[in-house]
Amino acid sequence: MRPDNDQRIYLNDGDPTVVYLKNVIDDPEIQVGEHTYYHDPFRDPRDFAKNNILYHYPGAGDQIIIGKYCSIACGAKLLCSIAHHSKRSLAYYPFPIIGEHWDLTMEDLHWERKGPTVIGNDVWLGYDCVIMPGVHIGDGAAVGTRSVVTRDVPPYTVVGGDPARPLYRRFDDATIEKLLALKWWDLPEEELRPLLPWLIRGDLEGLLEQKFVSDTARQILDRLRPTL
């Protein structure tokens with residue numbers, strides 16, 4: 001493992017199309033975990049916050065939280081609350097965001113805040129998908145190409161379509177329970193590295209037998225072992 005991974009911008013040296021988002025986003029309302037990357041061969045992927053998080057106005061209070069080890073494909077977009085024209089209003093025209101033209105005061109400006117948009121850990125966002133404001137996507141989930149996600153997605157569930165609907169769950173209930181308890185994405189890199197062969201080939205039982213885990217993870221694994 002390279003010692004400078006925490007500061008690297010590009011996933012691979014010499015390839016300017018894939019970036020670690022954590023190291024190119026400087027906005028306190030956008031949080032991104034370690035090792036999450038974005039790929040864009042058409043536009044500079046360093047401009048993810050500008051090109052892919054839409055209607056994100058300073059001071060509007062829209063928070064985006066993206067977990068660790070996420071894979072974000074080209075064109076995936078997250079919309080903020082101002083993108084939604086109010087259903088309560090008698091006019092769809094977005095007067096609140098152009099208040100200066102109409103001499104509106106802050107008391108006059110109302111829009112329907114949807115709450116933070118949360119993308120879990122180890123999530124895969126497919127090409128050109130759209131995540132609507134306030135949606136929560138669980139750990140290990142995946143969103144299909146050009147899907148529009150309007151509702152929360154459970155952990156380890158693959159969704160697709162417009163609007164996106166569950167297609168299948170990646171694992172059975174017992175396996176999902178173990179993975180959510182293990183939280184491998186929170187392990188220090190030096191402890192995760194020896195586990196990768198089992199993680200990559202999908203050998204959960206073999207992974208749970210390994211000793212290269214922290215004391216906290218070991219306690220979790222010991223609790224899970226009787227259910228194997």
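Model, not experiment: these values are computed from the prediction. Quick note: numbers below take in every heavy atom, side chains included, and nothing from hydrogens, waters or symmetry partners.
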| task | Would you please test L78 and I119 for side chain to side chain contact (heavy atoms under 4.5 Å, CB included) and show each step? | result | CA-CA 10 Å; L78 293 85; I119 310 299; 4.1 Å; yes
First locate atom [atom1] of [X], then atom [atom2] of [Y], and finally report the distance between them rounded to the nearest 0.5 Å.
{"X": "L207", "Y": "L196", "atom1": "CG", "atom2": "CG", "value": "9.0 Å"}
{"X": "H56", "Y": "D27", "atom1": "NE2", "atom2": "CG", "value": "4.0 Å"}
{"X": "R46", "Y": "N23", "atom1": "CZ", "atom2": "CG", "value": "12.5 Å"}
{"X": "L182", "Y": "L187", "atom1": "CG", "atom2": "CG", "value": "6.0 Å"}
{"X": "F42", "Y": "N51", "atom1": "CZ", "atom2": "CG", "value": "13.5 Å"}
{"X": "E29", "Y": "D62", "atom1": "CD", "atom2": "CG", "value": "7.5 Å"}

| query | H35 vs Y20 aromatic rings, parallel, tilted or perpendicular, using cut-offs 30° and 60°? | reply | perpendicular
With the 4.5 Å side-chain cut-off for hydrophobic clustering, are [X] and [Y] part of the same group?
{"X": "L79", "Y": "V135", "result": "yes"}
{"X": "Y55", "Y": "I53", "result": "yes"}
{"X": "I9", "Y": "I72", "result": "yes"}
{"X": "L192", "Y": "W185", "result": "yes"}

| query | Under 3.5 Å, is there a donor-acceptor pair between the side chain of T36 and the main chain of G67? | reply | yes
| With sequence neighbours excluded, residues passing ring pair (Phe, Tyr, Trp, His ring centres under 6.0 Å) with W124 | none
| message | T117 vs I65, test: side chain to side chain contact (heavy atoms under 4.5 Å, CB included). Steps then yes/no. | response | CA-CA 6 Å; T117 300; I65 302 172; over 6 Å; no
| Donor-acceptor side-chain pairing of D40 and Y38 below 3.5 angstrom | yes
Looking at every heavy atom in both [X] and [Y], which two are closest together, and how far apart are they?
{"X": "T150", "Y": "P163", "value": "OG1-CB, 3.8 Å"}
{"X": "I176", "Y": "F171", "value": "CD1-O, 3.4 Å"}
{"X": "C70", "Y": "I66", "value": "SG-CG2, 4.1 Å"}
{"X": "E191", "Y": "P194", "value": "O-CD, 3.3 Å"}
{"X": "A76", "Y": "L125", "value": "CB-CB, 4.2 Å"}

| task | Could you check M132 against V130 for side chain to side chain contact (heavy atoms under 4.5 Å, CB included), going step by step and ending with a plain yes or no? | result | CA-CA 6 Å; M132 301 303 281; V130 176; 4.0 Å; yes
| said: Using the rule given for side chain to side chain contact (heavy atoms under 4.5 Å, CB included), can you reason through L180 versus D139, listing the C-alpha separation, both sets of side-chain angles and the distance that settles it, and then say yes or no? | reply: CA-CA 8 Å; L180 292 176; D139 297 323; 3.9 Å; yes
